[in-house]
Trainee: 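Take a look at this one; I'll ask things after.
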Amino acid sequence: MKHEKKRDSWGSKWGFILACIGSAVGMGNIWLFPARVSKYGGATFLIPYLIFVVIIGSTGVIGEMAFGRATRSGPVHAFGEATKLRFGTDKPGKLLGLIPVLGSLALAIGYSVVTGWIFKYTAQSITGALSALDGVDAFSANFGATASGNLGWQIAGMAVTIAIMAFGVGRGIEKANKVMTPLFFLLFIGLAVYLVTLPGSSAGYQYIFVLRPEGLLDPWVWVYALGQSFFSLSLAGNGTVIYGSYLSDDEDIVSSAWKVALFDTGAAFLAALVIVPAMAVAGQQLNESGPGLMFIYLPNVIR
């Protein structure tokens with residue numbers, strides 16, 4: 001008799017939570033969120049964003065975790081099981097499940113490029129090449145060169161990612177996130193504290209927390225806040241469903257979901273508290289948005 005191979009699983013509750021936070025916290029938090037806060041006027045954007053985070057965190061995140069655990073599979077099989085129960089066939093569900101898979105593939109391609117940038121910036125920091133740059137124009141030119149000459153670093157980043165995934169859920173993804181997720185928060189808390197000491201940063205904090213009530217009448221503020229909350233919380237039927245499929249039956253999904261939403265939102269706020277004041281210190285317009293927020297202004301200020 002053949003024995004069914006035991007499926008991998010999370011080693012601990014916090015291992016799962018940290019992995020989910022690691023999945024949710026990405027460029028949506030570190031890059032896009034400060035850009036939206038910058039473009040749409042600080043607290044004017046924060047209010048609708050927080051409203052949507054509470055709504056989605058208490059519904060969508062819980063739903064996707066539970067969906068994954070119930071089906072013990074990724075989106076293709078999970079959606080297939082859903083349509084099979086409802087319509088008697090799994091074909092529509094499997095086709096629907098391909099959409100988040102293809103979306104994740106597109107995101108993975110984009111993230112591999114950004115990971116290469118981060119590897120190169122790290123090397124430049126260690127060698128002193130980054131600190132030798134002087135002024136926003138020099139950092140802008142360096143960013144352009146990094147973006148166009150990234151293949152080797154991109155391959156290195158992909159190799160590290162593949163190595164982590166090769167160890168599986170418990171020994172690979174979980175252990176990596178137990179190191180990288182707390183390290184992320186420590187680094188950004190340190191940067192936030194450092195920014196407070198720099199002259200001119202107060203203008204950035206004022207911009208973030210001052211409410212402009214007339215801005216709340218702009219429907220696009222609410223549209224972008226809704227989209228940002230979906231993207232930031234990693235909802236779309238893929239990552240959270242897959243991670244949830246490895247949960248044990250006695251795990252408290254509601255408790256895990258609100259922790260993920262809380263820390264994800266905290267990461268986004270930390271990024272805004274670092275990048276927007278960094279723009280103020282660099283003397284830039286605070287209603288700008290774009291790649292310069294993270295890769296030009298921030299390195300220029302902290303070099």
Side-chain angles (χ1 to χ4, degrees), residues 19-36 39 49 52-53 56 60-61 63-65 67-68 71 73-80 82-83 91-121 143-144 146-166 169 172-173 176-177 180-181 184 220 223-246 260 264 267-268 271 289-295:
C20 285
I21 294 169
S23 172
V25 174
M27 298 311 294
N29 301 73
I30 312 307
W31 191 342
L32 189 58
F33 181 79
R36 296 286 190 231
K39 184 174 181 179
Y49 174 77
F52 288 128
V53 164
I56 295 171
V61 177
E64 289 201 357
M65 285 183 182
F67 191 30
T71 57
S73 61
V76 174
H77 183 263
F79 282 102
T83 58
K91 290 182 179 179
K94 287 185 174 180
L95 289 174
L96 183 64
L98 283 174
I99 297 175
V101 172
L102 293 175
S104 292
L105 176 60
L107 283 173
I109 294 171
Y111 269 107
S112 69
V113 174
V114 176
T115 301
W117 296 352
I118 294 171
F119 271 54
K120 186 172 182 179
Y121 267 70
F143 173 70
T146 298
S148 61
N150 186 45
L151 182 59
W153 296 105
Q154 184 178 351
I155 292 173
M158 291 174 66
V160 172
T161 302
I162 292 171
I164 292 172
M165 294 180 65
V169 171
I173 295 173
N177 277 283
M180 292 189 292
T181 302
F184 161 81
W220 285 109
V223 169
Y224 280 116
L226 176 60
Q228 177 67 34
S229 61
F230 258 91
F231 186 39
S232 183
L233 290 173
S234 193
L235 287 186
N238 199 26
T240 308
V241 171
I242 293 172
Y243 279 8
S245 71
Y246 293 95
V260 170
D264 176 80
S289 62
L293 290 177
M294 180 174 180
F295 292 101

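Throughout, residue positions are numbered sequentially from 1 according to the sequence presented.
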Trainee: Hey, what do you get for NZ (Lys94) to OG1 (Thr83), rounding to the nearest 0.5 Å?
Mentor: 9.0 Å
Trainee: Nearest 0.5 angstrom please: Asn150 CG to Phe119 CZ, how far?
Mentor: 11.0 Å
Trainee: Could you tell me whether the side chain of Ser232 and the main chain of Ser229 form a donor-acceptor pair under 3.5 Å?
Mentor: no
Trainee: How close do Ile164 and Ala176 get, counting heavy atoms only, and between which atoms?
Mentor: CG2-CB, 3.9 Å
Trainee: Considering all heavy atoms of both residues, which atom of Phe184 and which atom of Ala267 are nearest to each other, and what is their separation?
Mentor: CE2-CB, 3.5 Å
Trainee: Can you tell me how far OH of Tyr246 sits from OG of Ser73, rounded to the nearest 0.5 angstrom?
Mentor: 9.5 Å
Trainee: Between Leu105 and Val101, is any pair of side-chain heavy atoms under 4.5 Å apart?
Mentor: no
Trainee: Heavy-atom count around Met180 CE within 6.0 Å, excluding the residue itself: above 12?
Mentor: yes
Trainee: Could you measure the distance from the OG1 atom of Thr115 to the CD1 atom of Ile155? Nearest 0.5 Å is fine.
Mentor: 13.0 Å
Trainee: Which atoms form the tightest heavy-atom contact between Ile56 and Leu226, and what is the distance?
Mentor: CD1-CD1, 4.0 Å
Trainee: Contact between Leu233 and Phe52 at the side-chain level, heavy atoms closer than 4.5 Å - yes or no?
Mentor: no
Trainee: Compare all side-chain heavy atoms of Tyr111 with those of Thr161 and state whether any distance is below 4.5 angstrom.
Mentor: no
Trainee: Please check if the side chain of Thr71 supplies one atom and the backbone of Ala78 the other of a donor-acceptor pair under 3.5 Å.
Mentor: no
Trainee: Fit a plane to each ring of Trp117 and Phe143, take the angle between them on a 0 to 90° scale, and name the class: parallel (under 30°), tilted (30 to 60°) or perpendicular (over 60°).
Mentor: perpendicular
Trainee: Any sub-3.5 Å donor-acceptor pair from Asp264's side-chain atoms to Val260's backbone N or O?
Mentor: no
Trainee: Work out which heavy atom in Ala268 is nearest to a heavy atom in Tyr49; give both atom names and the distance.
Mentor: CB-OH, 4.3 Å
Trainee: Taking all non-hydrogen atoms of both residues into account, name the closest pair between Asn177 and Ala19 and its distance.
Mentor: CG-CA, 3.7 Å
Trainee: Calculate, to the nearest 0.5 Å, the distance between atoms CG and CZ belonging to Leu107 and Phe231 respectively.
Mentor: 5.5 Å
Trainee: Give me the atom names and distance for the closest heavy-atom approach of Pro75 to Ile242.
Mentor: CD-CG1, 3.9 Å
Trainee: To the nearest 0.5 Å, tell me how far Leu98 CG sits from Phe79 CZ.
Mentor: 11.0 Å
